[in-house]
Amino acid sequence: MVTSSSRNWQLLKEKVSRLISEGEKLRKIHPDVYYEKARKWTPLKLILLMMYVDIYTKIMSKQRQKYQKMFYIDPLAGSGINKIKDTGDFLAGSPIISIVFARPLFDKYLFAEIDKKYRQALKERLKHLLSQERFEVHKDCNELLNKVANDIENSKESVHYLLFIDCEGMEVHWKSMQKILSYPGDVIFVFQTNEVWETIHRWRKHKTADSFFGNNDWRNATTPEDLLELYKNRIREVKTIEGYHRELIDDITIKGGRGPGFFHYNVIFATKKTRGGSPWYFKFIEYAKKKIEKYTGDAIKIALDIINGRSQQLDWFFPLTRPREPRHRTLNEYFP
Ligand SMILES: C[S@@+](CC[C@H](N)C(=O)[O-])C[C@H]1O[C@@H](n2cnc3c(N)ncnc32)[C@H](O)[C@@H]1O
């Protein structure tokens with residue numbers, strides 16, 4: 001018997017295989033252009049993105065009466081390909097994941113990338129995956145956010161978006177965030193917790209902090225975690241034009257080493273609490289915390305192996321039942 005869970009398993013396997021083969025093909029376009037600062041813990045945020053895109057597109061495609069259009073917004077998009085400094089592995093970046101893991105595809109893909117070489121390579125790479133009218137590649141992240149907010153405002157059809165913000169530091173201004181957040185959509189925000197702290201305390205870039213947080217409350221923070229909480233609260237405060245606040249805001253910690261003081265970043269997730277209580281969201285967060293936060297070291301290795309086609313151990317990250325294998329006792333059904 002083919003269960004929905006074994007179908008999901010099969011589909012995910014296909015998506016990962018496609019991600020690997022597309023990644024290999026796309027690398028050949030501008031072969032010397034790739035994002036060079038990726039580290040061995042980079043794939044974990046991308047695995048979280050895969051999981052979210054997979055669930056999000058499935059759920060939102062059933063809500064076409066309420067939201068006629070589904071946008072993917074990636075204002076810090078990179079070149080489409082990353083090279084991991086520590087291992088030399090190549091891996092497809094967020095723009096490619098957002099296409100391969102979406103089923104169905106988003107109606108519109110909106111990217112920005114400041115680096116000219118990256119932007120050009122990204123455009124060429126995207127042409128192989130999407131029709132020209134389905135995507136736009138802009139230059140500046142803040143300009144993109146403002147433009148998309150205006151597009152949504154003027155759209156005759158109602159739009160819901162998934163916004164993936166993959167910061168290196170504090171590139172995105174709160175003003176642009178506030179504007180886009182006032183429209184309905186889910187957010188995945190890579191908050192560079194250590195980097196933000198260092199930028200403020202070591203490099204003393206206080207004006208940058210003011211525009212990132214939109215006020216100077218960051219001055220009251222005594223730890224990097226205070227800064228993270230402050231940002232989560234800023235997101236929580238914004239009321240959308242539909243009158244709701246994003247009440248479900250969590251984060252997953254990803255560490256770049258062991259012990260106190262080691263580099264880490266946090267991936268923030270923000271969504272609306274639905275009438276049904278959004279059980280898929282709680283399962284997603286619970287599972288991500290269990291697998292990624294608790295076992296970051298193992299998770300890094302497995303993620304690298306999966307993304308490079310060296311392993312099919314997908315059930316480490318996805319709470320799926322592998323066909324013809326013993327059922328897991330908990331969280332063994334796929335989220336929705
Ligand atoms: C962490 S990388 C993105 C990696 C990408 N998400 C991926 O998965 O492959 C951040 C990117 O943001 C770009 N960037 C930095 N400042 C920017 C700005 N103001 N507007 C647009 N892109 C910017 C950098 O050039 C870099 O490629």
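Atoms within a ligand are numbered from 1 in the order they appear, just like the ligands themselves. These numbers come from the heavy atoms of this one structure, side chains and all, not from hydrogens, waters or symmetry mates. Computed from a predicted structure; not experimentally measured.
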**Study point:** Criterion side chain to side chain contact (heavy atoms under 4.5 Å, CB included) against Met177, the qualifying member of Tyr231, Phe213, Phe212
**Key:** Tyr231
Check your understanding: Are Trp41 and His264 an aromatic pair by the rule of ring centers under 6.0 Å?
Key -> no
Review point. Do Ser94 and Asp74 have a side chain donor and acceptor closer than 3.5 Å?
Key: yes
Review point. Are any of the side-chain heavy atoms of Glu124 and His30 separated by less than 4.5 Å?
Key: yes
Check your understanding: Hey, which residues fall under 4.0 Å of ligand 1 on heavy atoms?
Key -> Tyr35, Leu46, Pro75, Leu76, Ala77, Gly78, Asn82, Gly93, Ser94, Glu113, Ile114, Tyr118, Lys139, Asp140, Cys141, Asp166, Glu168, Glu171
Revision key, fill the gap. Using a 4.5 Å side-chain heavy-atom cut-off and chaining through intermediate ILVMFWY residues, the residues clustered with Tyr118 come out as Val33, Tyr35
Review point. Looking at side-chain heavy atoms only, is the closest gap between Thr253 and Thr193 below 4.5 Å?
Key: no
